[in-house]
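Structure first, commentary second.
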Amino acid sequence: QSPVWTAANMHHIDVLGLLLQHDPDMSDVDDIAAYQDDPAAKLTDDGTPEVVVVARMLVEAGWDPAQLDSLNADQMRFVTGACLIPEQTVTAEDFNSQSVPRYGSGNPEKVDHPFLREMIRTGKSGYAGLQDYGPEEDKKAFPRPATWSFDRFGRTTTRLPDGRWVQIAGEHEDSYDPDFNIYNDVVVHDGMGGVEVFTYPDKAFPPTDFHTATLLEDSILIIGSLGYQQDRRVGETQVLRLNLSDFSISKVETTGDAPGWISRHEAVLEDDRIVVSGGKIQTARDYEDFNGRYALYLGDMRWEDLSTG
């Protein structure tokens, strides 16, 4: 492992600071809390969790926290400052009224609930949330409704120029699990423990996972999705715009030769276009590897197949 990886994981803040001043290699930093059982409990002199300081230092030096792979995705709580959310008191009434995932009634609908904030703070699974806060009869029920969780994969995390972090949708558990759910929400962190949760009607923002999120001047362009089996539209490519002024979401109409129902892909902003490549695609036959390379031109929202040129 690189010296930066070691310093970050051991939370040697002074050493990490020196390394980051000399053009460090951060390419293998995919873990920032390997040697701490409770990373948020070890504090600096001013009371800030050391792991949060480490994350901020790395991000400021150009580190891409997307390098936290699926095994370490929970550590994104330290990057966004979610672990700094004040601990919430969750009552039985809170759990009963807030624990089941639901669509929003507005575009967006802002929700502010103790159960949601506590699940975001801790990153607990739906099962753990049920065990900790749910009534005994619900714990033993089968089948039972899914329990809302912020422990997700296929979610995107985008840092805004003002230091906020925007986390979009994602999936919890696999389809056979009672807590399986594909979400269509947006969570905004101020980096200091403040959090906003926005929910949407499914017609405005379909349940979305394994998409990409590309930051533009005043919006985030959300491209692709795996989604529920019945919602996948073979041959189409889902493109949505998240307006950063009010966090509303709108569908983007595109023209040209679209890549199809893509997911797990990469999206790179190149001047006036977003280039999409790799990942998987849903075809009429199967869920297959995607080897194409397509550009979405932002001026007229036109797709072009670059792999045939």
Side-chain angles (χ1 to χ4, degrees), residues 27-28 30 64-73 76 152-159 166-177 180-186 202 204-216 219-242 249-309:
S27 61
D28 68 343
D30 58 358
D64 181 2
Q67 292 176 215
L68 294 173
D69 61 26
S70 59
L71 294 177
N72 299 318
M76 199 65 81
R152 303 180 189 176
F153 45 96
R155 171 178 62 196
T156 54
T157 301
T158 305
R159 187 174 190 245
V166 177
Q167 295 190 283
I168 300 174
E171 169 185 328
H172 181 62
E173 295 294 0
D174 293 318
S175 58
Y176 57 80
D177 192 281
F180 169 66
N181 194 69
I182 303 175
Y183 289 85
N184 71 325
D185 52 18
V186 173
D202 59 337
F205 185 16
T208 294
D209 55 347
F210 298 103
H211 53 284
T212 56
T214 303
L215 178 63
L216 305 178
S219 62
I220 293 175
L221 214 60
I222 305 166
I223 298 177
S225 174
L226 179 56
Y228 293 116
Q229 182 74 43
Q230 67 271 17
D231 295 336
R232 300 173 194 172
R233 302 184 298 276
V234 174
E236 296 184 32
T237 302
Q238 177 174 286
V239 182
L240 304 169
R241 185 185 301 276
L242 173 63
I249 288 181
S250 57
K251 181 180 179 181
V252 176
E253 299 292 344
T254 64
T255 62
D257 190 2
W261 198 257
I262 53 172
S263 57
R264 304 177 190 267
H265 52 287
E266 294 185 353
V268 178
L269 180 62
E270 297 181 353
D271 297 324
D272 64 341
R273 66 182 189 176
I274 297 173
V275 176
V276 170
S277 62
K280 306 283 283 188
I281 186 167
Q282 182 70 56
T283 69
R285 298 183 303 275
D286 202 355
Y287 185 51
E288 305 173 356
D289 290 339
F290 178 67
N291 298 313
R293 186 169 179 266
Y294 285 71
L296 177 62
Y297 288 89
L298 300 175
D300 55 4
M301 290 299 167
R302 172 179 52 86
W303 285 105
E304 180 182 349
D305 185 354
L306 304 178
S307 55
T308 60

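Quick note: numbers below take in every heavy atom, side chains included, and nothing from hydrogens, waters or symmetry partners. This structure is a prediction, so every number in the text was calculated from the model and none was measured.
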ask   = In Å and rounded to the nearest 0.5 Å, what is the CD1 to CG distance from I168 to L242?
value = 5.5 Å

remark   = Between the CD1 atom in I274 and the CG atom in D271, the distance rounded to the nearest 0.5 Å is 12.0 Å

task = Answer yes if the side chains of T157 and Q167 hold a donor-acceptor pair under 3.5 Å, and no otherwise.
result = yes

Name the atoms and distances for all side-chain donor-acceptor pairs under 3.5 Å in residues 249-256, with sequence neighbours left out.
{"residue": "T254", "atom": "OG1", "partner": "W303", "partner atom": "NE1", "Å": "3.4"}

query = What do the steps show when you test E171 against F180 for side-chain contact (heavy atoms from CB on, under 4.5 Å), and what is the final call?
reply = CA-CA 7 Å; E171 169 185 328; F180 169 66; 3.7 Å; yes

inquiry  = Please enumerate all residues that pass side chain to side chain contact (heavy atoms under 4.5 Å, CB included) together with Q230, with sequence neighbours excluded.
reply    = Y228

Carboxylate-amine/guanidinium contact R155 D209, below 4.0 Å = no

note = Rounded to the nearest 0.5 Å, the CG atom of L215 sits from the OG1 atom of T158 at a distance of 6.5 Å

ask   = Between the main-chain N or O of D177 and the side-chain N or O of D174, is there a donor-acceptor pair closer than 3.5 Å?
value = no

remark   = Taken to the nearest 0.5 Å, the spacing of T212 OG1 from L221 CG works out to 8.0 Å

task = With rounding to the nearest 0.5 Å, note down the distance linking CG in L226 to NZ in K280.
result = 10.0 Å

request  = Hey, could you give me the CD1/NE2 distance between I262 and H211, rounded to the nearest 0.5 Å?
outcome  = 12.0 Å

